[in-house]
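Structure record follows, encoded as structure tokens.
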Amino acid sequence: MSSEGKRILILGAGFGGLTAANLLQKNLSSLSPSVQYQIRIIDQKDYFMMGLVNLWILSGIRTFKDSKIDLNRLENKGIRYLNDKVTGIDIASKTVTIRESNLKLKYDYLIIALGAEYSFEEVNGFLENGGFNLYDAEQVTKLRERILSLKKGRIAICITSIPYKCPPAPYETSLLINDILVKNDTRDSIEIDIYTPTPISLPVAGAKVSQDVINLLNHNHINFHPLHKIKAVLNMEKIEFENGNRENYDLLIGIPPHKVPEVIRNSGLITHGQNWINVDKFSLRTHFENVFAIGDVTEIKVNENVAIPKAGVFAEAQAKVVSQQIVDDIKNDKNKYSSSRFDGKGFCFMEVGNEKAGYIATDFFHEDGPYTLLEPPSDESYKKKLDFERCKVNEWLLS
Ligand SMILES: Cc1cc2nc3c(=O)[nH]c(=O)nc-3n(C[C@H](O)[C@H](O)[C@H](O)COP(=O)(O)OP(=O)(O)OC[C@H]3O[C@@H](n4cnc5c(N)ncnc54)[C@H](O)[C@@H]3O)c2cc1C
């Protein structure tokens, strides 16, 4: 052990990383002073903003500027935060390299929570023809302005590939845009089309919930186009799909292809044929000693067709499990050690516009197979969604 005690290094200060850092600090600081430890968290961004806030910027109830929370606030809690890019992970020497100083940091425990990267470069013509990346908060303010200025035509929302973060988000977006257009008095002259490569709207949630989502779209006259994988954006008004169809658009919004961050691709944590880090589905351990991976950077297969979706609630739940294992290990509490297990349960609030949201509950490790339920939209679920974001940000950074 080093003179600093046990060194815990967390890569990524998003949903998973912030949960882990806070829990570790809380639980380790309550142990005897003889237990020496150091928590470091690294992120290339200097702020945190929850992904779901993109939709609130789109709706106009938030601004990007007012939603970013400074990650330096972690220092007030005794958590060391480094604003830098991770450029190398060397498992053999238990060392992480960061760009700015070419500093090499040693760890005793490593939590990889680096999320997913976007790669619109893979979609021919998307960037060149002015498509908007819905998942890039910096573009959403401009996107809202474009929606408000459009007087007639077609808005195309394209899911470019799976998996992508928060499977219901593109459908929420279509419903929120519907809401914006109704309020702007332009809905009658603007079509909304949503294209997905999948045969049903939410394969991860099964046929019943997928149909519930399509019913919501139908009810709001939003056109749903399954089995439409984008091949190329041909020009400023036409998209080509792999099934041969060509469709017109006036405003193009894309959910980008997702891939594992570059540093992971070069780290040996991914073996041939894998796209994401494989971990034990209960403990979140990788094949390497005291190296854990959580959240969007992982792939946790539930069965042949279904994997745990890329969503913050799962990153958070997994961070809890990993933090507990590390605390128990540091305490040398072998009995508790194996009892902390990820249970595959999660939830989310699916906004439908008009300050209402449906509630989706999931249980991916259910003994009868993965289980998902969508409760009808209500004012109450919308309020719970607002509270959810406020509470988490408060817990992780403000309190
Ligand atoms: C529009 C939208 C709506 C969503 N709605 C919901 C919702 O309602 N409910 C829900 O649960 N989830 C939702 N999500 C998904 C959720 O945001 C993600 O699943 C969640 O953030 C994943 O957490 P994570 O910790 O794995 O990764 P992230 O939160 O993405 O954190 C990864 C961090 O790693 C950093 N990083 C990456 N590479 C490097 C590097 N090389 N060096 C240093 N730092 C690096 C990044 O800057 C980032 O801060 C939504 C996402 C979007 C985009």
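Both counts, for ligands and for their atoms, begin at 1 and track the order of listing. Every heavy atom of this structure was used, including side-chain atoms; hydrogens, water molecules and symmetry mates were not. Source: prediction; values computed, not measured.
- Within the 4.0 Å heavy-atom shell around ligand 1 one does not find L11.
- Closest heavy-atom approach to atom 53 (C) of ligand 1 among the candidates F314, F48, Y135: Y135.
- A salt bridge does not link D387 to K384: none of the charged nitrogens lies less than 4.0 Å from a carboxylate oxygen.
- For atom 30 (O) of ligand 1, the nearest non-hydrogen atom of the protein is K165 NZ, 3.7 Å.
- The pair D108-R7 meets the salt-bridge criterion, with a side-chain N (NZ, NE, NH1 or NH2) lying under 4.0 Å from an Asp/Glu carboxylate O.
- Taking the six-membered ring where the residue is Trp, F126 and F120 present parallel rings, their angle staying beneath 30° rather than reaching 60°.
- Of the protein's heavy atoms, Q44 N, 3.1 Å lies nearest to atom 44 (N) of ligand 1.
- Between D296 and ligand 1, an N or O atom pair is found at a separation short of 3.5 Å.
- Ligand 1 has a nitrogen or oxygen under 3.5 angstrom from a nitrogen or oxygen of F15.
- Using the six-membered ring where Trp is involved, F282 and F365 have ring planes that are perpendicular, over 60° apart on the 30 and 60° scheme.
- Side chains of L110 and K94 form no contact here, defined as non-hydrogen atoms less than 4.5 Å apart.
- With salt bridges taken as basic N to acidic carboxylate O contacts below 4.0 Å, none links E242 and K231.
- Salt bridge present: D212 and K208 bring a charged side-chain N and a carboxylate O closer than 4.0 Å.
- Nearest residue to atom 15 (C) of ligand 1 from G312, A13, A169 is G312 (criterion: closest heavy atom).
- Considering backbone and side-chain atoms together, V263 places no N or O closer than 3.5 Å to any N or O of ligand 1.
- Regarding atom 49 (O) of ligand 1, its nearest protein heavy-atom neighbour is D43 OD2, 2.6 Å.
- For atom 41 (N) of ligand 1, the nearest non-hydrogen atom of the protein is V86 O, 3.1 Å.
- Using a 4.5 Å heavy-atom cutoff, the side chains of V204 and V302 are not in contact.
- Of all protein heavy atoms, the one lying nearest to atom 13 (C) of ligand 1 is C166 CB, 3.7 Å.
- Contact annotation: for D84 versus ligand 1, heavy atoms closer than 4.0 Å belong to the backbone alone.
- The protein atom (non-hydrogen) at minimum distance from atom 37 (C) of ligand 1 is L114 O, 3.3 Å.
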